[in-house]
Amino acid sequence: MDGTEMAQQKSGFATKKAACADRDKVMGELYAGTYVVYSNVQKLYNETAACSISNARLVRTVMNTSMRYALSKKVISVNPALEVALPKYMPKKKYHTRSIDEKKTLNVEQIITLIEASKHTPIHMQVLFAVLLGLRRCEINGVKYSDIDYINRTLRVQRQLGKKPNTTAEDFLAKTFTKQEIGLKTSSSYRTIPIPDYVFEAILEERKTYEKNRRRRPAAFQDLDYICCSSYGRPRSKDFHWTHYKKLLRENGLPDIRWHDLRSTFCTVLLKNNFNPKAVSKLMGHAKEIITIDVYGDTAEIIEDCLEAYMT
């Protein structure tokens with residue numbers, strides 16, 4: 001469309017007559033403005049389907065909708081996604097299997113080492129929430145003292161901190177763009193989970209520090225109620241933990257795993273001890289069960305048993 005000229009050769013014709021017929025067809029499409037120079041739609045579908053057939057269906061929907069819209073606006077002269085189908089057969093994944101990658105998690109001794117070492121850092125509460133409660137990074141930053149049920153010792157996970165959709169940094173105060181309260185990942189992420197005694201005691205101690213800082217800085221302190229916050233009450237950024245966390249791993253001889261792998265560690269410890277996968281799924285806030293297995297029972301009772309054994 002921009003006037004660029006390029007040569008294109010095709011081969012594989014059975015006869016010269018077939019080659020000439022195809023050449024005439026291409027020349028007609030070029031003259032009519034309907035010739036598609038190249039199309040990788042089928043390749044895109046195949047690659048996506050190899051990872052997830054459900055994602056491939058979504059990609060096909062987006063592709064077809066986009067191309068139809070572009071065609072209606074005369075941005076393109078022909079729809080390259082028209083009649084391009086998804087692969088008819090994809091190998092199915094094994095059913096009723098557990099896949100636990102221990103190289104990306106910590107064992108119980110390493111968990112204890114990390115917790116003890118983090119006591120002298122500003123990310124101690126973040127470590128506890130990640131490895132003993134299995135919270136996501138943005139969920140941890142959004143936890144407030146008002147989310148704690150001090151009588152039943154439970155935590156309501158009901159928000160996370162991040163960027164609000166369709167906004168820019170200019171819409172907010174300085175250094176708050178990525179610290180906005182937003183909804184959780186899925187409807188299953190809204191959950192109430194029991195708090196182990198160790199974590200509950202740590203929350204009470206952190207509250208004392210919070211109140212102390214509020215009294216010391218009555219004018220500058222931002223009483224936003226976040227558990228993981230600065231000495232001025234401001235919420236932590238999503239990457240605040242990074243430097244402290246990597247330093248803890250190096251200095252204590254721990255595996256160089258990602259922060260998100262602490263959440264995986266929490267899940268792995270429970271699964272390795274044969275706890276109910278559906279109960280673990282409830283704790284993790286997954287939209288679907290972590291392990292596809294038909295197990296039914298008293299979820300609340302199972303979760304309490306899981307945590308008691310975990311803390312032991």
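Nothing here was measured: the structure is a model prediction, and the numbers come from that model.
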Looking at side-chain heavy atoms only, is the closest gap between [X] and [Y] below 4.5 Å?
X	Y	result
Leu58	Thr61	no
Arg236	Ser230	yes
Leu135	Val143	yes
Arg23	Met27	yes
Val75	Leu71	no
Cys138	Leu184	no
Glu181	Leu161	yes

Considering all heavy atoms, the nearest [X]-[Y] contact:
X	Y	result
Gln126	Trp259	O-CZ2, 3.5 Å
Thr48	Asn55	CG2-C, 3.8 Å
Tyr45	Ala81	OH-CB, 4.2 Å
Ala202	Leu128	CB-CD1, 3.5 Å
Arg191	Gly134	NH2-O, 4.2 Å
Ser118	His124	OG-ND1, 2.9 Å

Short side-chain to backbone donor-acceptor contact, [X] and [Y], under 3.5 Å:
X	Y	value
Asp256	Arg250	no
His241	Lys238	yes
Asp147	Lys144	yes
Gln42	Val84	no
Glu139	Arg136	yes
Asp149	Ile151	yes
Lys179	Pro235	yes
Arg159	Ile182	no
Asn107	Gln110	yes
Gln180	Thr176	yes

Measure the spacing between [atom1] of [X] and [atom2] of [Y] and express it to the nearest 0.5 Å.
X	Y	atom1	atom2	answer
Arg258	Leu249	CZ	CG	13.0 Å
Tyr232	Arg216	OH	CZ	8.0 Å
Ile148	Leu155	CD1	CG	4.5 Å
Asn141	Phe129	CG	CZ	10.5 Å
Phe177	Lys164	CZ	NZ	11.0 Å
Met284	Cys267	CE	SG	4.5 Å

Query raised in the report: Is Arg207 positioned over the aromatic face of Tyr145, cation under 6.0 angstrom from the ring centre and no more than 45 degrees off axis?
Result: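 Geometry flag: set, cation within 6.0 Å and 45°.
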
Query raised in the report: Hey, does the Lys NZ or Arg CZ of Arg263 hover above the aromatic six-ring of Phe266, less than 6.0 Å from the centre and inside 45° of the axis?
Result: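 That pair does not qualify as a cation-pi contact.
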
Establish whether [X] and [Y] are linked, either directly or via other cluster members, by ILVMFWY side-chain heavy-atom contacts under 4.5 Å.
X	Y	answer
Ile140	Phe240	yes
Tyr190	Ile193	yes
Tyr198	Met125	yes
Ile115	Leu204	yes
Val157	Leu224	no

Report task. Using the six-membered ring wherever Trp is involved, compare the ring planes of Tyr210 and Phe221 and label them parallel, tilted or perpendicular (cut-offs 30° and 60°). Result ->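 If you compare the ring of Tyr210 with that of Phe221, the planes turn out perpendicular.
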
**Report entry** Under-4.0 Å salt bridge between Glu211 and Arg214
**Finding:**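 Arg214 and Glu211: salt-bridged.
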
**Report entry** Salt bridge present between Arg137 and Asp239 (N-O < 4.0 angstrom)
**Finding:**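 Result for this pair is yes, salt bridge flagged.
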
Requested in this report: Check the surroundings of atom NZ in Lys16: do more than 12 heavy atoms from other residues, nucleotides or ligands lie under 6.0 Å from it?
Outcome: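 12 or below, so no.
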
Requested in this report: Assess whether atom NZ of Lys246 is packed by more than 12 heavy atoms of other residues, nucleotides or ligands within 6.0 Å.
Outcome: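 More than 12 heavy atoms, drawn from other residues, nucleotides or ligands, come within 6.0 Å of this atom.
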
Query raised in the report: Do Thr192 and Asn152 pass the side-chain contact (heavy atoms from CB on, under 4.5 Å) test, and can you show the C-alpha distance, the side-chain angles, and the key distance before you say yes or no?
Result: CA-CA 11 Å; Thr192 299; Asn152 298 309; over 6 Å; no

Query raised in the report: Name the one of Thr113, Ile257, Val269, Asp261 that satisfies side chain to side chain contact (heavy atoms under 4.5 Å, CB included) with Leu106?
Result: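 Running side chain to side chain contact (heavy atoms under 4.5 Å, CB included) over Thr113, Ile257, Val269, Asp261 with Leu106 returns exactly one hit, Ile257.
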
Requested in this report: Please lay out, stage by stage, how Thr121 and Tyr245 fare under the test side-chain contact (heavy atoms from CB on, under 4.5 Å).
Outcome: CA-CA 9 Å; Thr121 71; Tyr245 174 62; over 6 Å; no

Query - Between Ser189 and Thr186: side-chain donor-acceptor atoms closer than 3.5 Å - result: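 Yes - a donor-acceptor pair under 3.5 Å links their side chains.
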
